[in-house]
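Have a look at the structure below, then the notes.
Order of listing sets the numbers, starting from 1, for every ligand and every atom in it. Residues: numbered from 1 along the sequence shown.
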Amino acid sequence: MTEPSAAGGAGPRGGADAGGKAAPGSDIPGMDPEILAAIRSGLSGPGPKKLPASLLYDELGTALFEAISALPEYGLTRADERILRRHAPAITRGLATPLLVAELGSGTGRKTRWILDALASRQTTHYYPIDISETALAKCATVLGRLPAVRFEAIHADYLAGLASVAAQRRSAHHLLVLFLGSTIGNFEPDAARSFLREVRRTLKPGDALLLGTDRVKPAPTLIRAYDDPLGVTAAFDRNLLARMNRDLGASFDLALFRHEARWREAERRIEMHLVAKRAHEVAIPALDLRVSFKDGESIWTESSYKFEKDDVAKLAKAAGFEVAAEWVDEEWPFAEALLRV
Ligand code: AVI
């Protein structure tokens, strides 16, 4: 998974508020100008500071997220996989064939294997993992690229562009199953989640389906431990965002001057990750020709992870033009996979 929204921003890849005119540093190779504009606006200005969450997922960040997935305190990924392992035959049973499978954010491909295995007895499946990270796609290819009944075609693109290219390739007899697993939708702001799913819906036809994973609300202490684990892996994942700005933009963040904090916002039903300055200081970001002042205790909001109640998914699905056809819930770590029909 490599494509979450900007914290407090609108959505994935470019959901952040890109400015109009070219600003210093807007043409740094390998850095999306919209992300650069979001860094500038997120750290300038008088309001609370925030950075695009997509910055968390460079190669090191993606590896750290995989380590998070193995933490005893972070049950989300294991719950997601348990559901797919136990219920893949039921999930795929009613789907029309021939079926193309497109996955938004390929991850390592481990969870998806259960779905592809369940389909293998019925058909040869065209599987299209879509990701902006070539590293993630390469890893996914090692897990899923050589399955006997799978035609694997990696798509290096953002989610919607990738999905549009799959939709453009399909023949009229083909049906499409879109996988959006791991509660990545929870990293979108609610408005952005709705409009994103509406866009997904627009590329689908009757008979197509979307399998949507969502993490359920849990007691606050459970959630805080999941996002601020005692080993400090999530803290490292969060702070890597600053290390990445040092690496890629020549910034002068002193990582020791920021501590990671997870906050549960009950009313909004979201976990927020923050990096909190331990004392007042200044940071330079030469590539953006920017100096940023931090007050003692001031935070940078780096990611939101929304949690869902049962009704939230049905409402979200309806607002996007889907219906919930079936839902599977993991009881050990409440997490749901909903099969949404067009
Ligand atoms: C990728 N996404 C679903 C994770 C989550 O739980 O929101 C990202 C994450 N951030 C910190 N830990 C995990």
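At a 4.0 Å heavy-atom cut-off, ligand 1 touches Asn187 through the side chain alone. With a 4.0 Å cut-off on non-hydrogen atoms, Ile271 does not touch ligand 1 at all.
A donor and an acceptor atom, one from each side chain of Ser305 and Glu303, are nowhere located under 3.5 Å apart.
In this structure, Lys139 and Glu134 have side chains that are not in contact, with every pair of non-hydrogen atoms separated by 4.5 Å or more.
Comment: Arg216 engages Glu327 in a salt bridge, judged by a side-chain N to carboxylate O separation of less than 4.0 angstrom.
Ring pair Tyr57/Phe237 is perpendicular by interplanar angle, where above 60° counts as perpendicular and below 30° as parallel.
Not a single heavy atom of Gly186 sits under 4.0 Å from any atom of ligand 1.
Taking CD1 of Ile115 as the reference point, atom CG of Leu177 lies at 6.5 Å (rounded to 0.5 Å).
Sorted by first and then second residue, the pairs that involve residues 71-80 and meet side chain to side chain donor-acceptor pair (under 3.5 Å), not counting sequence neighbours, are Ser69-Thr77, Asp80-Lys111.
In this structure, Lys49 satisfies the cation-pi test against Phe294, with its NZ or CZ atom closer than 6.0 Å to the six-membered ring centre and inside 45 degrees of the ring normal.
Residue Tyr57 approaches ligand 1 through these ligand atoms, each under 4.0 Å from one of its heavy atoms: 1 (C), 8 (C). Near Tyr227, with a cut-off below 4.0 Å to any heavy atom, the atoms of ligand 1 are 5 (C), 6 (O), 7 (O), 10 (N), 11 (C), 12 (N), 13 (C). Here is the list of ligand 1 atoms found below 4.0 Å of a heavy atom in Phe237: 10 (N), 11 (C). The ligand atoms of ligand 1 that sit less than 4.0 angstrom from a heavy atom of Met273 are 11 (C). Proximity to Leu76 (heavy-atom distance under 4.0 Å) selects the following atoms of ligand 1: 6 (O). Those atoms of ligand 1 that come under 4.0 Å of a heavy atom in Ser305, given as number and element, are 5 (C), 6 (O), 7 (O). Contact atoms of ligand 1 toward Ser183: 3 (C) (distance under 4.0 Å to a heavy atom of the residue). Near Gly182, meaning under 4.0 Å from one of its heavy atoms, ligand 1 places the atoms 3 (C).
Taking distance alone, with nitrogen or oxygen atoms compared against 3.5 Å, Glu303 approaches ligand 1 more closely than that limit.
Heavy-atom minimum distance, Pro129 versus Ser106: CB-CB, 3.4 Å.
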